[in-house]
Amino acid sequence: MSQEHQQEFMRRAIALSQQGMRTNKGGPFGAVIVKDGQIIAEGHNEVTSSNDPTAHAEVVVIRRACINLNSFQLDGCELYTSCEPCPMCLGAIYWSRLDRIFYGNTKEDAAAIAFDDQFIYEELDLAKGDRQLPMEPLLRDEANTVFQEWAEKGDRTDY
């Protein structure tokens with residue numbers, strides 16, 4: 001794909017970030033997913049308008065692309081996002097199997113306007129007992145029986 005087309009897709013993601021912000025749908029973040037040179041899904045941050053802390057632009061657009069393609073995997077697709085993805089979005093991107101990410105603003109740019117995800121990156125590097133959010137295992141043996149059933153399930157759909 002030509003750099004001109006890539007810039008066109010990024011400009012659309014940036015426009016969506018501005019649209020969402022100006023209409024008070026959420027923060028200044030937008031994204032599009034492209035397959036075979038065509039936008040197949042687009043969206044912007046909807047955290048505050050949907051009361052959903054996971055409704056970041058990247059998650060919104062991944063959900064829409066999966067619906068549009070009738071698939072839970074987006075191999076063969078590229079993401080254009082107005083800002084470098086946060087840890088949650090990056091996880092969703094890896095799970096969705098997107099081929100490539102293009103981003104506009106950096107995580108440092110986001111931190112400069114009070115969207116600072118650095119603490120999450122730092123928390124992930126800590127031992128569970130040293131994190132700010134307490135985490136405790138509970139009923140692991142009982143929970144593991146379901147994992148064992150999954151491991152033996154012959155008609156499962158792997159992902």
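Numbers here are sequence positions counted from 1.
Other members of the hydrophobic cluster containing V59, listed by chain and number, are M88; membership follows side-chain contacts under 4.5 Å among ILVMFWY residues, whether direct or relayed. Connectivity analysis of hydrophobic side chains (ILVMFWY, heavy atoms under 4.5 Å, direct or indirect) links L138 to L139.
For residues 107-118, every residue pair satisfying the side-chain hydrogen bond (donor to acceptor under 3.5 Å, both in side chains) rule, not counting sequence neighbours, is listed here: T106-E108, T106-D109. Pairs engaging residues 79-94 under the salt bridge (charged side-chain N to carboxylate O under 4.0 Å, His left out) rule: none recorded [sequence neighbours left out]. The salt bridge (charged side-chain N to carboxylate O under 4.0 Å, His left out) contacts involving residues 122-136 comprise nothing, where partners must be two or more places apart or lie in separate chains. Among pairs with a residue in residues 20-51, those fulfilling ring pair (Phe, Tyr, Trp, His ring centres under 6.0 Å) read F29-F115, at least two apart in sequence or across chains. Legend: salt bridge (charged side-chain N to carboxylate O under 4.0 Å, His left out) pairs involving residues 49-73, not counting sequence neighbours, sorted by first then second residue: E46-R64, D52-R63.
Within the 4.5 Å cutoff, the side chain of V47 has heavy atoms near those of the H56 side chain. Side chains of E78 and I33 form no contact here, defined as non-hydrogen atoms less than 4.5 Å apart.
One distance of note links CD1 of I120 with CD of Q132; it measures 10.5 Å at 0.5 Å rounding. Put simply, CG on L69 and NZ on K35 are 6.0 Å apart, with the number rounded to the nearest 0.5 Å. Between atom NZ of residue K153 and atom CG of residue D158 there is a gap of 11.0 Å, rounded to the nearest 0.5 Å.
When the salt bridge (Lys or Arg N to Asp or Glu O under 4.0 Å) test is applied to R22, no partner is found at least two apart in sequence or on another chain. A search for ring-ring contact (aromatic ring centres under 6.0 Å, His included) contacts involving F9 returns Y80, not counting sequence neighbours.
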Pair up each side-chain donor or acceptor in residues 142-149 with any protein partner under 3.5 Å, not counting sequence neighbours, and list the distances.
from : atom 1 : to   : atom 2 : distance (Å)
N144 : OD1    : Q148 : NE2    : 3.3
T145 : OG1    : E142 : O      : 2.6

Let me have the donor-acceptor pairs involving side chains of residues 90-105, under 3.5 Å, with sequence neighbours excluded, atom names and distances please.
from : atom 1 : to  : atom 2 : distance (Å)
S96  : OG     : A92 : O      : 3.3
S96  : OG     : I93 : O      : 2.9
R97  : NH1    : Y94 : O      : 3.3
R97  : NH1    : W95 : O      : 3.1
D99  : OD1    : G76 : N      : 3.1
D99  : OD2    : G76 : N      : 3.0
N105 : ND2    : S82 : O      : 3.4

Would you tabulate the side-chain donor-acceptor contacts of residues 11-18 under 3.5 Å, counting partners in other chains and residues two or more places apart, or write 'none'?
from : atom 1 : to  : atom 2 : distance (Å)
R12  : NE     : E42 : OE1    : 3.0
R12  : NH2    : E42 : OE2    : 2.6
S17  : OG     : I14 : O      : 2.6

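A chain of hydrophobic side-chain contacts below 4.5 Å, direct or via other Ile, Leu, Val, Met, Phe, Trp or Tyr residues, connects L79 to I62.
For the residue pair A41 and N68, the shortest heavy atom distance occurs at CB-ND2, 4.0 Å. A55 and V60 make their closest contact through O-CG2, 3.7 Å (heavy atoms, listed as atom of the first residue, atom of the second, distance).
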Show the numbers, then the answer: is there a side-chain contact (heavy atoms from CB on, under 4.5 Å) between C77 and I40? CA-CA 9 Å; C77 298; I40 59 163; 4.0 Å; yes
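Counting non-hydrogen atoms of neighbouring residues, nucleotides and ligands closer than 6.0 angstrom, the CZ atom of R140 reaches no more than 12 such neighbours.
A donor-acceptor contact shorter than 3.5 Å is absent between the side chain of N45 and the backbone of P28.
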